[in-house]
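Quick caveat: nothing in here was measured; it's all calculated off a predicted structure. Position 1 is the first residue of the sequence, and the numbers go up from there.
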Amino acid sequence: MNGIRGVRLAAALVLGTALAGCGDLLGTEKKGEPAEPAITFTEPGIYPVLVVAQQTADSARLELHLKRVAVTERVASVQGELKFDATKLALGAVTVGDGITGATNETTAGTLRFAGVATAGIDGGAVLTLSFATRAPVAAEAFELNVEEIIASEDFVNLGSRVRMQGRTPRLTRVPLQ
């Protein structure tokens with residue numbers, strides 16, 4: 001009887017060790033594909049970031065965040081326009097983030113106007129959550145963002161000079177923001 005228990009215990013230890021060593025294989029990455037590194041921010045500013053929160057072969061849910069890096073002022077309001085490649089993406093539902101009073105309007109296919117206000121300040125959560133039907137993989141080049149107005153909550157100063165983007169393309173990541 002002790003021999004069987006010993007074999008079972010040894011088998012359990014081997015299985016546990018094997019599973020512990022394969023923990024990184026249990027994630028969502030495809031075999032052979034490295035995990036996407038987290039975005040790094042090199043200078044102070046407010047970075048518009050599109051986070052791919054969920055994606056399937058024919059749909060995607062993205063979140064627009066305003067990542068503050070070494071900026072103490074909180075954002076009270078934001079207004080702008082997000083353009084996207086309508087040949088690759090068809091906009092479905094759009095929701096304004098928790099604690100933000102706002103509105104959105106797809107003025108033409110591929111052009112979304114938005115405005116939102118939170119007098120206590122917009123923190124690190126999503127400003128907008130957008131659902132798309134996709135005809136191609138989601139890529140940063142499919143988007144163009146114009147932040148027309150971004151105002152501080154304390155003194156209502158225009159924070160537009162602190163917005164950091166590469167041209168008019170917002171950063172895009174599949175890794176949740178920290």
Side-chain angles (χ1 to χ4, degrees), residues 28 34-55 59-86 88-132 134 136-178:
T28 58
E36 180 178 319
I39 292 180
T40 57
F41 303 96
T42 57
E43 62 182 75
I46 301 171
Y47 293 82
V49 179
L50 285 171
V51 176
V52 181
Q54 184 178 29
Q55 186 170 10
S59 68
R61 189 182 78 225
L62 281 73
E63 299 172 345
L64 175 62
H65 291 258
L66 297 174
K67 174 72 174 171
R68 292 179 303 140
V69 176
V71 172
T72 58
E73 296 92 350
R74 294 175 70 175
V75 174
S77 67
V78 62
Q79 176 180 312
E81 181 176 79
L82 179 67
K83 291 186 177 186
F84 54 91
D85 187 341
K88 297 177 181 173
L89 302 165
L91 186 63
V94 180
T95 57
V96 177
D98 290 340
I100 302 171
T101 302
T104 64
N105 183 26
E106 186 175 16
T107 55
T108 60
T111 302
L112 177 72
R113 302 269 318 144
F114 64 90
V117 63
T119 55
I122 297 171
D123 284 326
V127 174
L128 298 174
T129 300
L130 310 114
S131 297
F132 291 98
T134 60
V138 175
E141 299 77 32
F143 297 93
E144 185 177 296
L145 178 65
N146 182 18
V147 178
E148 298 166 352
E149 182 179 284
I150 186 166
I151 304 297
S153 63
E154 294 280 321
D155 52 10
F156 303 109
V157 168
N158 182 350
L159 298 173
S161 64
R162 298 207 180 178
V163 174
R164 303 282 182 256
M165 287 194 304
Q166 297 172 341
R168 293 185 66 182
T169 304
R171 291 184 180 213
L172 185 126
T173 183
R174 288 169 173 74
V175 178
L177 292 179
Q178 307 266 332

Quiz item: Below 4.5 Å, heavy atoms only, C-beta onward: do I39 and V175 meet side chain to side chain?
Solution: no
Practice problem: Can you run down the side-chain hydrogen bond (donor to acceptor under 3.5 Å, both in side chains) pairs that involve residues 151-160, sequence neighbours left out, and say none if there aren't any? | Solution: none
Quiz item: Is there a side-chain contact between R168 and N146, using heavy atoms and a 4.5 Å cut-off?
Solution: yes
Quiz prompt | Enclosure of K67 NZ (heavy-atom neighbours >12, cutoff 6.0 Å) | solution = yes
Quiz item: Considering residues at least two apart in sequence or located in another chain, which fulfil the side chain to side chain donor-acceptor pair (under 3.5 Å) criterion with E148?
Solution: Q79, R113
Quiz prompt | Atom of L50, atom of P170 and distance for their closest heavy-atom approach | solution = CD1-CG, 3.8 Å
Practice problem: Applying side chain to side chain contact (heavy atoms under 4.5 Å, CB included) between V51 and each of T173, L64, T129, report the one that passes. | Solution: T173
Quiz item: Can you name the residues that form a salt bridge (Lys or Arg N to Asp or Glu O under 4.0 Å) with R61, not counting sequence neighbours?
Solution: none
Practice problem: Please identify each residue that fulfils side chain to side chain contact (heavy atoms under 4.5 Å, CB included) with T111, with sequence neighbours left out. | Solution: E81, K83, T107, T108
Quiz prompt | Residues in side chain to side chain contact (heavy atoms under 4.5 Å, CB included) contact with R174, at least two apart in sequence or another chain | solution = E36, V52, Q55, V138, L172
Quiz item: Once you round to the nearest 0.5 Å, how far does NE2 of H65 lie from CZ of R171?
Solution: 14.5 Å
Self-check item: Closest non-hydrogen atom pair, V147 against P48
Solution: CG2-CG, 4.3 Å
Quiz item: For the residue pair P44 and A70, what are the closest heavy atoms and their distance?
Solution: CB-CB, 3.8 Å
Practice problem: Identify, with sequence neighbours excluded, every residue that meets side chain to side chain donor-acceptor pair (under 3.5 Å) alongside S59. | Solution: T56
Quiz item: Between atom CD1 of I46 and atom CD1 of I150, what is the distance when rounded to the nearest 0.5 Å?
Solution: 4.0 Å
Quiz prompt | For A103, all residues meeting side chain to side chain contact (heavy atoms under 4.5 Å, CB included), sequence neighbours excluded | solution = none
Practice problem: Check A142 against L89 and note the closest heavy-atom contact, atom names and distance. | Solution: CB-CD1, 4.2 Å
Practice problem: Report the C-alpha separation of L82 and L130 in whole Å, then their side-chain angles, then the decisive distance to 0.1 Å, and conclude whether the side-chain contact (heavy atoms from CB on, under 4.5 Å) test is met. | Solution: CA-CA 11 Å; L82 179 67; L130 310 114; 4.2 Å; yes
Quiz item: Quick one: are R68 and E73 in side-chain contact, heavy atoms under 4.5 Å?
Solution: no
Quiz prompt | For E63, all residues meeting salt bridge (Lys or Arg N to Asp or Glu O under 4.0 Å), sequence neighbours excluded | solution = none
Exercise. Quick one: list whatever passes ring-ring contact (aromatic ring centres under 6.0 Å, His included) with Y47, sequence neighbours left out.
Key: F41
Practice problem: Mind telling me whether F84 and F132 have parallel, tilted or perpendicular rings, with 30° and 60° as the class edges? | Solution: perpendicular
Practice problem: Can you tell me which residue pairs pass the salt bridge (charged side-chain N to carboxylate O under 4.0 Å, His left out) test with a partner in residues 95-110, sequence neighbours excluded? | Solution: none
Quiz item: Excluding sequence neighbours, so at least two apart, what forms salt bridge (Lys or Arg N to Asp or Glu O under 4.0 Å) with E43?
Solution: R164
Quiz item: Can you name the residues that form a side chain to side chain contact (heavy atoms under 4.5 Å, CB included) with T104, not counting sequence neighbours?
Solution: V94, V96, L112, F114, L128
Exercise. Please report the closest heavy-atom contact between A140 and T169, naming both atoms and the distance.
Key: O-CG2, 3.3 Å
